[in-house]
Visitor: 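What follows is a structure written as structure tokens; I'll ask about it next.
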Amino acid sequence: MTQVAKISLTILFFAIAPLFADGRILSMHGKVQVFEKGRWAKAELTSKITEASSVQVGYRSGAIIGLQDGSQVSLKSNTVVSFNTLGIDTKKPRTEVFVVQGTLSAYVKKPEGNTKHVFHVRTPTMIVGVRGSFVELSKN
């Protein structure tokens, strides 16, 4: 690979990297699993959360997931969520979390300037839009 091709590839990676954001597990206790590669696996503090990830928190357990934009999602006992969208497009940031069951709390960081951050929490029967504040939702 030529030097010019390497530089072009590096520039391309950094140009599209914000569009493919991810999250990380910041803290957890008890039984926490991440659905990856077609199966449930024990979560670690190094586990990456992507748009293809689901997280399951067991009985008497909990987890806090940090997103790239500074927002945080806290999952309570007996909760299952899917992360449908984790894009951090600088012009239209968008995050969508689907609650299959359980309780979550989310601190949504308000973006700088006039940028509108779309942060949705969905269940099978409703959708909640959060704009730079705190939300707690329980789905039984």
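Computed from a predicted structure; not experimentally measured.
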Visitor: Group every Ile, Leu, Val, Met, Phe, Trp and Tyr by side-chain heavy-atom contacts under 4.5 Å, then state whether V135 and V55 land in the same group.
Guide: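 Yes; tracing contacts between hydrophobic side chains, which count when under 4.5 Å, links both residues.
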
Visitor: I'd like to know whether NZ of K76 has more than 12 heavy-atom contacts from other residues, nucleotides or ligands below 6.0 angstrom.
Guide: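 Atom NZ in K76 is crowded, with more than 12 foreign heavy atoms closer than 6.0 Å.
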
Visitor: Any side-chain donor paired with an acceptor under 3.5 Å for T103 and S138?
Guide: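 Indeed, the side chains of T103 and S138 share at least one donor-acceptor pair under 3.5 Å.
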
Visitor: Using distance alone, with no hydrogens and no angle criterion, decide if D69 and S71 have a side-chain donor and acceptor under 3.5 Å apart.
Guide: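 Short answer, yes.
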
Visitor: Group every Ile, Leu, Val, Met, Phe, Trp and Tyr by side-chain heavy-atom contacts under 4.5 Å, then state whether V108 and V128 land in the same group.
Guide: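 Linked within one cluster.
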
Visitor: Using the side chain to side chain contact (heavy atoms under 4.5 Å, CB included) rule, take V73 and F119 through it: C-alpha gap first, then chi angles, then the decisive distance, then the call.
Guide: CA-CA 11 Å; V73 179; F119 191 101; 4.2 Å; yes

Visitor: If you define the side chain from C-beta out and look only at heavy atoms, does anything of P124 sit under 4.5 Å from K139?
Guide: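 Yes - at least one pair of side-chain heavy atoms lies under 4.5 Å apart.
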
Visitor: Are any non-hydrogen side-chain atoms of I65 and Q72 less than 4.5 angstrom apart?
Guide: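 When only atoms from C-beta onward are counted, Q72 and I65 do not touch, as no gap falls below 4.5 Å.
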
Visitor: Working note: M28 + I64, criterion side chain to side chain contact (heavy atoms under 4.5 Å, CB included); need CA distance, chi angles, decisive distance, verdict.
Guide: CA-CA 6 Å; M28 62 181 201; I64 298 176; over 6 Å; no

Visitor: Please report the interatomic distance CD(Q101) to OG1(T123), rounded to the nearest 0.5 Å.
Guide: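 Atom-to-atom, Q101:CD and T123:OG1 are 12.5 Å apart.
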
Visitor: With rounding to the nearest 0.5 angstrom, report the NZ to CG distance, K31 to N78.
Guide: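 These two atoms lie 10.5 Å from each other.
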
Visitor: Looking only at heavy atoms, what is the nearest atom pair of A41 and E36, with distance?
Guide: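 Taking A41 first and E36 second, the nearest heavy atoms are CB-OE2, 3.9 Å.
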
Visitor: For the residue pair V34 and A43, what are the closest heavy atoms and their distance?
Guide: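 Of all heavy-atom pairs spanning V34 and A43, the closest is CG2-CB, 3.7 Å.
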
Visitor: Would you check if there is a donor-acceptor pair between the side chains of T85 and E96 at a distance under 3.5 Å?
Guide: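 No, no side-chain donor-acceptor contact under 3.5 Å.
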
Visitor: Can you tell me how far the NE2 atom of H29 sits from the OG atom of S61, to the nearest 0.5 Å?
Guide: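 One finds 6.0 Å between NE2 of H29 and OG of S61.
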
Visitor: Can you name the nearest heavy-atom pair linking N84 to F98, along with the distance?
Guide: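 Scanning both residues completely, I find the closest heavy atoms to be ND2-CB, 3.6 Å.
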
Visitor: Please report the closest heavy-atom contact between F83 and T50, naming both atoms and the distance.
Guide: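 Looks like CB-O, 3.7 Å.
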
Visitor: Assess the residue pair V121 and I127 against the criterion (side chain to side chain contact (heavy atoms under 4.5 Å, CB included)); give the C-alpha distance rounded to whole Å, side-chain angles, the decisive distance to 0.1 Å, and a yes or no.
Guide: CA-CA 6 Å; V121 180; I127 183 169; over 6 Å; no

Visitor: Is there a chain of hydrophobic side chains (I, L, V, M, F, W, Y, each step under 4.5 Å between heavy atoms) that links I25 to V100?
Guide: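 Each belongs to a different hydrophobic cluster.
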
Visitor: If hydrophobic clusters are built from ILVMFWY residues whose side chains come within less than 4.5 Å, do V80 and I49 share one?
Guide: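 Looking at the clustering, I49 is in a separate group from V80.
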
Visitor: For the residue pair T95 and L86, what are the closest heavy atoms and their distance?
Guide: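 Nearest pair, atom of T95 first, then L86: CG2-CD2, 3.9 Å.
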
Visitor: So L137 and M126, do their side chains get closer than 4.5 Å, heavy atoms only?
Guide: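 M126 reaches L137 side chain to side chain.
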
Visitor: Report the distance from atom CD of Q68 to atom CG of D22, rounding to the nearest 0.5 Å.
Guide: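 Going from CD on Q68 over to CG on D22, the span is 6.0 Å.
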
Visitor: Closest heavy-atom contact between S105 and F134?
Guide: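 That closest heavy-atom pairing would be CB-CZ, 3.7 Å.
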
Visitor: Carefully, step by step, assess V81 and L104 under the rule side chain to side chain contact (heavy atoms under 4.5 Å, CB included).
Guide: CA-CA 9 Å; V81 298; L104 71 76; 3.9 Å; yes

Visitor: Can you list every ring-ring contact (aromatic ring centres under 6.0 Å, His included) pair that touches residues 39-74, not counting sequence neighbours?
Guide: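 Listed once each, the pairs are F35-W40.
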
